[in-house]
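For reference, the structure discussed in these notes is given below.
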Amino acid sequence: QVQLVESGGGLVQAGGSLRLSCAASGRTFSCYAMGWFRQAPGKEREFVAAITWSAGNRYYEDSVTGRFTISRDNAKNTVYLQMNSLKPEDTAVYYCAADYGRPSYYIYHRRDTYDYWGQGTQVTVSS
């Protein structure tokens, strides 16, 4: 089993910054990639960013490109999402996810690609 615990959410004014963390425990050695998704009230959960664990390939949703940065610390089994220039439309619950499948099956923006999910952390951006 794998456990993912997010932290770092909170309330911030538009234009501000937050850094989310996702700490993984359990069977971490065979993780292929990790991603961040978000879900706003009344909307579907959507892809935000992802990173492959070994090679460090990064992927971003268009609306966050240039504002958000995903990174990882292999020694700490932790993935980060640095969020700058936050906008009210970034308000959502942010979820961390981990993929343990075969690399050839990995589709970074698809929710069903990921095998494990965290409980989420709330990010609220005020205007």
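Computed from heavy atoms alone, side chains included, the values below leave out hydrogens, waters and symmetry copies.
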*Is the side chain of Thr91 donor-acceptor paired with the backbone N or O of Thr124 at a distance under 3.5 Å, no angle test?*
no
_Pairs flagged by ring pair (Phe, Tyr, Trp, His ring centres under 6.0 Å) wherever residues 65-102 is involved - sequence neighbours left out_ = Tyr100-Tyr116
*Might you work through the side-chain contact (heavy atoms from CB on, under 4.5 Å) test for Met83 and Ser17, ending with a clear yes or no?*
CA-CA 5 Å; Met83 306 185 295; Ser17 300; over 6 Å; no
*How long is the gap from OG1 on Thr52 to CG on Asp99, to the nearest 0.5 Å?*
10.5 Å
*What heavy-atom pair brings Ala40 and Ala92 nearest, and what distance separates the two atoms?*
N-CB, 3.8 Å
*Begin from the C-alpha positions of Tyr60 and Ile70 and carry the test side-chain contact (heavy atoms from CB on, under 4.5 Å) through to its verdict.*
CA-CA 9 Å; Tyr60 296 97; Ile70 190 170; 3.5 Å; yes
*Do you see a donor-acceptor pair shorter than 3.5 Å between the side chains of Tyr106 and Tyr114?*
yes
*Decide side-chain contact (heavy atoms from CB on, under 4.5 Å) for Met34 and Arg72; before the verdict, give the C-alpha distance in whole Å, the side-chain angles of both, and the deciding distance to 0.1 Å.*
CA-CA 9 Å; Met34 294 188 71; Arg72 80 222 189 277; over 6 Å; no
*For Val2 and Leu4, which heavy atoms make the closest approach, and how far apart are they?*
CG1-CD2, 4.0 Å
*Is the backbone N or O of Ile107 less than 3.5 Å from a side-chain atom of Thr113, with the two atoms forming a donor-acceptor pair by type?*
yes
*Nearest-0.5 Å distance, CZ of residue Arg110 to CZ of residue Phe37*: 10.5 Å
*Is the shortest distance from a Lys or Arg side-chain nitrogen in Arg111 or Glu44 to a carboxylate oxygen in the other one below 4.0 Å?*
yes
*ILVMFWY network linking Phe47 to Trp53, side-chain heavy atoms under 4.5 angstrom*: no
*How far does CD of Gln3 sit from OG of Ser25, to the nearest 0.5 angstrom?*
4.0 Å
*So, Ser126 versus Gln13: side-chain donor-acceptor pair below 3.5 Å or not?*
no
*Are the side chain of Thr65 and the backbone of Glu61 linked by a donor-acceptor contact shorter than 3.5 Å?*
yes
*Distance-only, no hydrogens or angles: does the Tyr108 side chain make a donor-acceptor pair with backbone N or O of Ala33 under 3.5 Å?*
no
_Rounded distance [0.5 Å steps], OG in Ser7 versus CD in Gln119_ = 13.5 Å
*Val123 pairs by side chain to side chain contact (heavy atoms under 4.5 Å, CB included) with which of Leu81, Leu11, Leu20, Val93?*
Leu20
*Check Glu89, Glu6, Glu46 against Arg38 for a salt bridge (charged side-chain N to carboxylate O under 4.0 Å, His left out) and give me the one that passes.*
Glu46
*Apply side-chain contact (heavy atoms from CB on, under 4.5 Å) to Val79 and Trp36, showing your working.*
CA-CA 9 Å; Val79 172; Trp36 287 98; 3.5 Å; yes
*Is it true that Ile51 and Leu18 fall in one hydrophobic cluster, defined by side-chain heavy atoms closer than 4.5 Å?*
yes
*How about Arg58: does its CZ atom have over 12 heavy atoms from other parts shown lying under 6.0 Å from it?*
yes
*asked:* Using 0.5 Å steps for rounding, measure from the CD atom of Gln1 to the CG atom of Asp115.
replied: 10.5 Å
